[in-house]
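First the structure, in the form of structure tokens, and then the observations on it.
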Amino acid sequence: MSVGETEQRTGMIKAVPVRHPGRWVAAAAVAVLAAMLVNNLVTNEAYNWAEQLKYLFSPPVLEGVRNTIWLTVAAMAGGIALGIVLALMRLSANPLLRGAAWIYIWVFRGTPLLTQLLIWGNIGALFPTLGLGIPFGPEFVSAQASALYSAAAAAALGLIFNEAAYMAEIVRGGIQSVDSGQQEAASALGLTKAQTLRRIILPQAMRVIAPPTGNEAISMLKNTSLVMAVPYLELTFAVQNIYAHTYQIIPMLIMACLWYLFLSSLMMIGQHYLERHYGKGYAR
Amino acid sequence: MSETTPTVDGTADGLMVKAEQVCKKFGNVEVLKGIDLQVRQGEVMCVVGPSGSGKSTFLRCINHLEKIDAGRLWVDGQLVGYHQRGHKLYELREKEVAAQRRDIGMVFQRFNLFPHMTALQNVMEAPMLVKGEAKDAARARAEQLLGRVGLSDRMGNYPSQLSGGQQQRVAIARALAMQPKLMLFDEPTSALDPELVGEVLDVMRDLAREGMTMVVVTHEMGFAREVGDSLVFMDEGVVVEQGVPREVLANPQHARTQAFLSKVL
């Protein structure tokens with residue numbers, strides 16, 4: 001063994017790295033495709049960017065955006081609240097509550113949202129009058145459903161009732177993911193079940209609940225476009241109304257997509273911070 | 001629990017825990033087959049035995065984490081989990097059970113700290129939530145308790161940032177924050193790396209010295225010999241032998257005790 005070799009053995013390792021020829025091939029393919037896309041975006045006049053810019057902040061589009069936002073917020077808030085109730089019912093020791101929640105979830109998850117929204121839009125045919133009274137007995141107050149009911153309410157309720165079924169399963173999964181030792185430790189300290197749920201179980205379940213809830217919220221943003229079945233004006237409906245008389249179909253739909261992308265990007269930022277908040281105390 | 005009339009059996013005799021023919025079944029498996037045990041005020045009772053002997057189950061019956069199927073169990077003169085009127089037993093409501101548990105601290109094998117709270121918050125939580133203590137008072141006592149278990153410099157850490165021994169010491173402080181009159185330890189050092197066992201036993205030793213009534217399910221025979229006032233050997237759901245730790249360990253009377261001790265000592 002020569003002296004030089006010994007020195008090499010004790011020194012820093014300078015090895016020839018493994019080559020990755022596949023990366024170069026992939027990079028070339030992606031670059032070509034990207035160039036084609038950019039070229040298309042710039043040269044294809046069917047995009048009509050000028051038309052898009054003209055309507056981007058126009059009053060009907062902004063109204064659609066506003067309605068899309070509030071529907072998303074209302075549907076998620078209501079869906080989460082009702083979903084927590086349903087999840088607790090499914091985890092309850094009371095078989096009646098368990099069964100009722102199961103049937104609810106079965107119905108609302110097992111039928112298309114679009115069909116449900118169509119039904120909400122025609123709910124007046126199902127319940128012509130709404131009243132308050134004793135079941136199967138006398139009614140104290142009663143009113144025409146159409147008087148109490150707006151398209152906005154139908155749209156929001158349709159989304160909430162559907163979302164609650166999905167949120168219920170997400171919340172139930174989150175609660176069940178919390179180690180049973182947590183419940184025992186809280187019980188041993190003298191916490192009641194409600195206190196344990198609120199302070200110990202739910203905050204930990206949130207770590208598991210938050211990521212899929214973020215996905216649900218982003219889905220919801222896009223699913224609000226289905227409320228045109230009610231019908232209720234939101235972003236996609238608004239641009240449809242525009243291209244119905246301008247015939248600029250693709251530019252308006254692309255513009256709507258840009259709005260959706262912008263809004264969902266904002267939500268992804270929010271999701272990141274939410275997940276970080278509920279990940280407190282967990283080493284990563 | 002002020003509305004419950006204390007039963008005659010437990011009150012005057014200075015007993016902290018009194019078990020009479022306690023039985024517990026899981027399905028068809030009889031885990032406890034008639035346990036008779038008494039723990040005096042200030043006594044440290046160590047319970048040993050092979051796994052599956054029912055010792056942990058018995059401990060969990062004491063604070064009603066498990067419901068007993070037969071017999072009677074009193075803590076500080078109060079029937080655990082039930083209210084007796086005449087010859088009839090009434091199940092306690094959830095709030096009443098919670099109220100009974102306030103005075104009984106428990107330390108678990110796997111610590112069961114609340115992972116989303118810092119060490120300090122873990123200790124403050126129950127006094128604030130259950131006793132409605134003011135935040136400042138709860139914090140002051142939590143700081144003092146964490147200091148007592150040697151963790152003054154770790155109060156802001158989350159459980160995941162603490163070693164097993166440190167976590168278990170936080171768990172002891174958390175139980176002490178409720179100012180219990182009885183402490184239950186369910187194999188508190190069994191999940192720890194060997195070099196961390198000592199720091200937890202030291203804290204328990206100090207606690208015993210200060211006069212805390214303790215029931216300790218453990219495999220630490222050295223601790224039982226040195227700190228325990230009494231030693232109970234359980235096997236297959238019965239108390240096989242009990243007595244002064246030094247004597248039981250040095251001179252076990254029963255064949256089953258001898259067989260068990262020959263394996264662990």
Side-chain angles (χ1 to χ4, degrees), chain A residues 80 84 87-89 91-95 97-98 170-171 173-214 271-284, chain B residues 1 56 59-60 62-66 93-119 121-132 156-162 170-171 174-180 182-186 191:
Chain A
I80 290 169
I84 290 174
L88 295 178
M89 284 169 71
L91 295 169
S92 151
N94 183 334
L97 291 181
R98 269 206 313 269
I170 290 171
V171 172
I175 289 175
Q176 284 179 329
S177 76
V178 177
D179 181 50
S180 62
Q182 295 290 306
Q183 171 74 56
E184 288 193 346
S187 296
L189 285 166
L191 273 69
T192 63
K193 274 188 192 140
Q195 287 171 331
T196 305
L197 188 72
R198 188 165 52 82
R199 297 287 304 173
I200 310 298
I201 306 292
L202 275 182
Q204 292 182 61
M206 281 306 292
R207 193 175 65 98
V208 175
I209 292 170
T213 303
Q271 184 180 14
H272 169 76
Y273 285 104
L274 194 72
E275 283 176 26
R276 204 173 65 171
H277 173 76
Y278 285 111
K280 255 187 336 190
Y282 294 88
R284 263 171 290 185
Chain B
M1 283 313 306
S56 283
L59 198 71
R60 294 160 58 83
I62 296 177
N63 67 352
H64 208 50
L65 282 181
E66 305 287 353
R93 279 189 297 266
E94 191 215 329
K95 281 219 164 94
E96 297 168 321
V97 173
Q100 280 191 336
R101 286 181 180 141
R102 291 206 300 223
D103 297 334
I104 308 171
M106 186 160 192
V107 175
F108 298 87
Q109 184 178 356
R110 305 213 157 270
F111 330 134
N112 296 349
L113 289 181
F114 305 134
H116 57 304
M117 298 179 186
T118 63
Q121 289 168 334
N122 263 278
V123 181
M124 288 166 66
E125 184 68 12
M128 285 169 58
L129 208 55
V130 177
K131 290 187 169 172
N157 287 72
Y158 286 96
S160 62
Q161 299 164 327
L162 299 173
V170 174
R174 178 176 70 174
L176 291 176
M178 289 299 285
Q179 297 173 309
L182 168 67
M183 284 284 285
L184 308 174
F185 291 86
D186 188 5

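All chains are named by letter (A, B, ...) in the order of the sequence lines, taking the proteins before the strands, and each is independently numbered beginning at 1.
- Neither the backbone nor the side chain of B:Pro159 comes within contact range of chain A; no heavy atom of the residue lies under 4.5 Å from a heavy atom of that chain.
- With hydrogens and angles ignored, the 3.5 Å screen pairs a side-chain donor or acceptor of B:Asn112 with a backbone N or O of A:Gly181.
- Contacts of residues 201-209 of chain A with chain B at a heavy-atom distance below 4.5 Å involve A:Pro203, A:Gln204, listed in sequence order.
- Between chain A and the options B:His64, B:Gln161, B:Glu125, B:Met117, the largest number of non-hydrogen pairs under 4.5 Å is found for B:Glu125.
- Ranked by heavy-atom pairs shorter than 4.5 Å toward chain B, the options A:Leu191, A:Val178, A:Ile200 are led by A:Ile200.
- Note that the CD1 atom of B:Ile104 and the CE atom of B:Met183 stand 11.5 Å from one another [nearest 0.5 Å].
- B:Asp186 contributes no side-chain N or O that, together with a main-chain N or O of B:Ser56, makes up a donor-acceptor pair within less than 3.5 Å.
- Looking at B:Phe114, both its backbone and its side chain come within 4.5 Å of chain A, counting heavy atoms on both sides.
- Between the side chain of A:Gln182 and the backbone N or O of A:Asp179, no donor-acceptor pair lies under 3.5 Å.
- Interface remark: B:Arg60 contributes side-chain atoms only to the contact with chain A (heavy atom separation under 4.5 Å).
- The closest side-chain donor-acceptor pair between A:Glu275 and A:Gln271 falls under 3.5 angstrom.
- Note: B:Asn122 CG to B:Phe111 CZ = 12.5 Å, rounded to the nearest 0.5 Å.
- Atom-to-atom distance recorded for B:Ile62:CD1 and B:Leu182:CG is 6.5 Å, nearest 0.5 angstrom.
- Contact count versus chain A (heavy atoms, under 4.5 Å) is highest, among B:His116, B:Arg110, B:Lys95, for B:His116.
- The backbone N or O of A:Leu88 sits nowhere less than 3.5 Å from a side-chain atom of A:Ser92 that would complete a donor-acceptor pair.
- Checked by atom type and distance alone, the side chain of B:Lys131 pairs as donor or acceptor with a backbone atom of B:Met178 at under 3.5 Å.
- If you measure heavy-atom distances from B:Leu113 to chain A, the contacts under 4.5 Å come from the backbone alone.
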